[in-house]
Visitor: 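Once you've had a glance at the structure underneath, I'll fire off some questions.
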Amino acid sequence: MRTFNPEKELNKIQKGNKNKIILSVISLLLIVAIGSSYALYQIKYNKRIIYTTVDKFYSKDIQISLYVDGEKDTTSETFPDKESGKIFSHITCENGGSGVFDNTKWELELKITKQDKCNVYFITGNLPNPPELYQGMIPVVYDEAGNVYVADVDSDWYNYQDHRWGNAVLVDNTKEGVTEKYFDENNNINPEIVGKKIPMEEILQMYVWIPRYKYELFNVGLEGTPKQIINIKFEEGEETTGTVNCTYTDAGDGTVTEDCGGSDIIGEWYTHPAFTFKGTTEESGTELPGIWVGKFEPSDKEDETGRNINKIGEITILPNKTSMVNKSISTAFFAEQALSTEGNKYNLSVTEVDTRVMKNIEWGAVAYLTQSLYGIYKDENTCNIADMTKENCEVWMNNTTQGKGSESSGYSSIYGGTATGCVGTSVSAAVEWNPGDDGAPATCQVGRRWNKEGVKASTTGNMYGIYDIAGGAWELVMGAMVNEKEGGVDIKSTGFTVDFGENSLPNDKYYDIYTFDSSNISHERGHYGDATKETLDRFGYYYGEWNLDIADFPSTTSFYGTWFYRGGGFTYEFGSGVFSIGRGSGGRWYYTTFRSVLSAA
C-alpha cells in the first residue's frame, strides 16, 4: 500500500487551482468522519474536491484505539451508542492529529496531516445539560474574527469536550425594531434570524453557561496538594448523584460548622454546591441545571469620549470596555437584582430568572470547570492554552488599567477599571498603565483583545470561555466571615443594613459564610468547592494557592477585610489568577469590580 503524503499529492494538483484546492484538501479531505454508523477504521472522504490524481486517504494511514472508562476495548468495531451511558471524553494522537466529537451527529471528525496513531476515550457519564435559554437570551456562536451569530440550537453550537462552552447574549430591546428582529410574539427566537450576524452595538450583555456537575474530592486534609486536573462529571437535569453532601451552619459564636458526613471522603464525588441555590437555614432550595456567568467583568454606559458615566443601572458585559469599579458590594448586588425587574431593557422575565452578584462558591464552580479536561486542559498531558505546557498551564492575566501610572512610584493616581477581555504579553505580565489622562478609557492593543491573543486569558483557551478571571480588577464576591461573637456577617462598609429597609442584607442564599479569625492564612476555614482550601499548594502561606496565587483570607489582620475578593488585580504581577483570594471591607474602591450571575428564579 502506498501511504498518503499530503505535500507530494498536492504538488500534482493543477497550478490554476492550487491555492483553492490546498485549502479544500487540508480542511476537508483530511477529515475522518467516524460515528455510530461508521466502522472504527472506515474513512469518509469528499470526491467532489478532488480534481486530479490525489489518491484516496487509506484507512491504514490512521490507527485508532478505543478506550472505555480507562480500559482498552479490543473487540468493538464501533463507538459506544448514544444511549449507552458512555460519552466521548477526549482524544490523543502521536503525530499532531486532533479530533472534535459532534454530540448531535454522534460523529468524530479527526484532522490529520500525516500518518498517525490516536487513542479515543469514552467514559461513563452524561453530556452536560443544554444551556437554559431564558426569555430574552439569544444563543450565539463566533467566527474566527469574533463576530457574533445567532446559533442554531439543533446544531453542535456548544461542545464542552471541544472546550466550546455555551454562550448567549442579551440585546437592547429599547432600540427600535430590535425586539421584533430577534423574537416572535411569544418571545421565542425568531427562526428567520438564526445564522445571522448580531451587531455588537445591539448587544448589552454576554454570558457563558456553567452546566451542573459533580467533582471528585482530591484534597480533604488540612494540607497542601500539587496542582492537578480536577475530575468532572456532568449531572443530568437537577439530579444530585454525588455521594457527599456538605452543610455549613452559623453557630452564632464566630464559627461556621462544617458537616460532610465524615472525614473519609477522599476520592468521593461531590455535586458542586453552586448548583443548589439555598440559604444555610433552609432545609431545601432550588436545584439548578446550571448557571449563566458574565463573560467579562461588567462595564457601564459611556459618554461620547468613551468614559464611563458611572451609572450603575446601565450594566453592560462586553469586550474592549472599561470595567465598572468603585462600587460597594451592596450597590452591585441591588443593581444586579434590578436587571430582571418589570420593564427591563434585556427582555428578561421577572418570574423566570434571578440576577445577582457572583457568590464565592459560584466562583469555585467556574474555577473547577476551568481546571478540568473541559477547560484549559486538552488531555491529561496537554494544555489547551497556546504556548503553555501541562506543568505551567494556567489562564493568563489581564494586566491593563485606565489609571495613569507614575514612573517614580509605580502606582496610579486613581487605579481604575481594566480593558475587558485583554491579555498581557505573558502569563503574569507587569501592569500596563493607560497612557492617556486619568479617567480615560482603559485601552488594549488590537492584537491582544479577546478575539486575538486574548484567548489566552479565557477559561477555555478560546473565545467560548470566561475572561478577566485572572487579573483585571479584584472582584468582590458574595462571601464573608461571620462576626466574632454574635454571628452574622460584618456589613459596616458594604452599604447593607440589618433592618428590612431598602438596602437590607439579602437572604443568606445570596452569600456564603465563613468562620471568624484574626489570621489571614487560617485556610482551614474554606469550603469544599469554593477553590480555597482544596486548591492550596502550601497550607498557611500568603502565596499558597495553585500557581503561586495569593491566599489572603478574610480576617482582622492589619487592614480589616471581612469579605472575599477573587482573581487578583492588574497590579499584582505575581499572585493574580483563577485561584487568587483577597479580602476587603466590601466597600467601594477604585480597583474592585464584581461578576454577574443569572440563573433560574
Side-chain angles (χ1 to χ4, degrees), residues 137-138 140 142 146-148 165-172 198 200-210 291-302 306 308 312 314-325 327 332 335-336 339 346 355-358 362-363 366-367 369-370 375 395-402 416-424 441-446 448-477 566-570 576-578 591-598:
M137 303 194 81
I138 303 172
V140 297
Y142 310 107
N147 294 308
V148 186
W165 297 0
N167 278 237
V169 302
L170 300 174
V171 293
D172 188 350
I198 307 179
M200 191 62 76
E201 56 268 21
E202 291 180 354
I203 299 175
L204 287 175
Q205 296 188 347
M206 304 174 74
Y207 284 90
V208 178
W209 177 249
I210 307 298
I291 58 175
W292 287 101
V293 173
K295 190 174 184 68
F296 305 96
E297 290 181 347
S299 47
D300 56 4
K301 197 170 183 179
E302 300 170 342
N308 288 350
I312 188 68
E314 299 285 351
I315 296 177
T316 58
I317 305 173
L318 297 168
N320 308 322
K321 300 294 182 181
T322 301
S323 60
M324 181 186 293
V325 294
K327 302 292 186 290
E336 285 287 341
L339 297 183
Y346 311 96
T355 50
R356 56 187 180 272
V357 172
M358 174 175 273
E362 291 169 337
W363 181 280
V366 174
L369 190 60
T370 300
V395 176
W396 288 32
M397 69 175 285
N398 183 339
N399 67 333
T400 61
T401 177
Q402 70 181 123
T418 192
T420 56
C422 195
V423 71
T443 57
C444 180
Q445 295 179 22
V446 173
R448 285 158 48 197
R449 292 179 180 176
W450 77 288
N451 56 338
K452 302 291 185 180
E453 284 291 299
V455 297
K456 294 178 179 178
S458 161
T459 56
T460 56
N462 58 40
M463 286 185 281
Y464 286 85
I466 296 170
Y467 290 75
D468 310 322
I469 200 168
W474 276 101
E475 296 188 23
L476 292 83
V477 293
R566 300 305 299 263
F570 45 75
S576 290
V578 173
Y591 55 79
T592 59
T593 185
F594 54 96
R595 181 76 60 165
S596 300
V597 169
L598 185 154

Visitor: Using 4.0 Å as the upper bound for N to carboxylate O, is an ion pair formed by K321 and E297?
Guide: no
Visitor: Please report the C-alpha distance between V366 and I469 in whole Å, then the side-chain angles of each, then the deciding distance to 0.1 Å, and finally whether the side chain to side chain contact (heavy atoms under 4.5 Å, CB included) criterion is met.
Guide: CA-CA 9 Å; V366 174; I469 200 168; 3.4 Å; yes
Visitor: Are any of the side-chain heavy atoms of Y207 and S596 separated by less than 4.5 Å?
Guide: yes
Visitor: If only atom types and distance count, is the side chain of T322 paired as donor or acceptor with the main-chain N or O of A442 below 3.5 Å?
Guide: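 Here the side-chain-to-backbone pair exists.
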Visitor: Search all heavy atoms of G465 against all heavy atoms of S458 and return the closest pair with its distance.
Guide: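 Shortest heavy-atom separation between G465 and S458 comes out as CA-OG, 3.2 Å.
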Visitor: Check whether any side-chain N or O of T420 sits under 3.5 Å from a backbone N or O of N320 as a donor-acceptor pair, and report yes or no.
Guide: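 The answer is yes, because a donor-acceptor pair under 3.5 Å joins these two groups.
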Visitor: For the NZ atom of K456 and the CG atom of N398, what is their distance to the nearest 0.5 Å?
Guide: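 Going from the NZ atom of K456 to the CG atom of N398 covers 14.5 Å.
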Visitor: To the nearest 0.5 Å, how far apart are CD1 in I138 and CD1 in I203?
Guide: 8.0 Å
Visitor: Below 4.0 angstrom, N of the basic side chain to O of the carboxylate: do R448 and E453 qualify?
Guide: no
Visitor: For a quick test of reading the model, state the closest non-hydrogen atom pair linking T418 to T400 and the distance between them.
Guide: OG1-O, 2.7 Å
Visitor: Which atom names give the shortest non-hydrogen contact between V423 and A457, and what distance separates them?
Guide: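 Taking V423 first and A457 second, the nearest heavy atoms are CG2-CB, 3.8 Å.
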Visitor: Taking all atoms of both residues into account, what is the closest heavy-atom pair of G417 and S323, and its distance?
Guide: CA-OG, 3.4 Å
Visitor: Any side-chain to backbone donor/acceptor pair from T316 onto L318? Under 3.5 Å, distance only.
Guide: no
Visitor: For W450 and Y142, I'd like to know if the aromatic rings sit close, meaning centre-to-centre distance below 6.0 Å.
Guide: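 Between W450 and Y142, the centre distance is under 6.0 Å.
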Visitor: To the nearest 0.5 Å, tell me how far T401 OG1 sits from F570 CZ.
Guide: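 Reported value, rounded in 0.5 Å steps: 3.5 Å.
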Visitor: If you compare all heavy atoms of K295 against all heavy atoms of M463, which two are closest, and at what distance to 0.1 Å?
Guide: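 Looks like NZ-O, 2.6 Å.
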Visitor: First locate atom CD1 of I315, then atom CE of M324, and finally report the distance between them rounded to the nearest 0.5 Å.
Guide: 5.0 Å
Visitor: Give a yes or no answer on whether the side chain of N167 reaches the backbone of V208 with a donor-acceptor pair at less than 3.5 Å.
Guide: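 Side chain of N167 to backbone of V208: no pair is present.
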Visitor: Which value, rounded to the nearest 0.5 Å, describes the distance between M137 atom CE and L170 atom CG?
Guide: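 Here the rounded value is 5.5 Å.
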Visitor: So, do E362 and I291 sit near enough that their side-chain heavy atoms are less than 4.5 Å apart?
Guide: yes
Visitor: What is the distance from atom CE of M397 to atom CG of D468, rounded to the nearest 0.5 Å?
Guide: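 Here the interatomic distance stands at 11.0 Å.
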Visitor: Is the closest side-chain heavy-atom distance between P298 and F594 below 4.5 Å?
Guide: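 Side-chain contact under 4.5 Å: yes.
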Visitor: To check you understand the geometry: which heavy-atom pair defines the closest contact between W474 and G567, and what is its length?
Guide: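 Shortest heavy-atom contact: CZ3-N, 4.2 Å.
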Visitor: Does L369 form a side chain to side chain contact (heavy atoms under 4.5 Å, CB included) with I210? I'd like the steps, not just the answer.
Guide: CA-CA 8 Å; L369 190 60; I210 307 298; 4.0 Å; yes
Visitor: Can T370 and W165 be said to form a side chain to side chain contact (heavy atoms under 4.5 Å, CB included), step by step?
Guide: CA-CA 11 Å; T370 300; W165 297 0; 3.9 Å; yes
Visitor: One pair to check against salt bridge (Lys or Arg N to Asp or Glu O under 4.0 Å): R595 and E475. What are the steps and the verdict?
Guide: CA-CA 7 Å; R595 181 76 60 165; E475 296 188 23; 2.7 Å; yes
Visitor: Between Y346 and L339, is the side chain to side chain contact (heavy atoms under 4.5 Å, CB included) condition met? List the steps.
Guide: CA-CA 8 Å; Y346 311 96; L339 297 183; 3.4 Å; yes
Visitor: Heavy-atom distance under 4.5 Å between the side chains of V597 and R356, does that happen here?
Guide: yes
Visitor: Would a 4.5 Å heavy-atom cut-off, applied to side chains only, mark V395 and Y467 as touching?
Guide: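 The answer is no; the side chains never approach within 4.5 Å.
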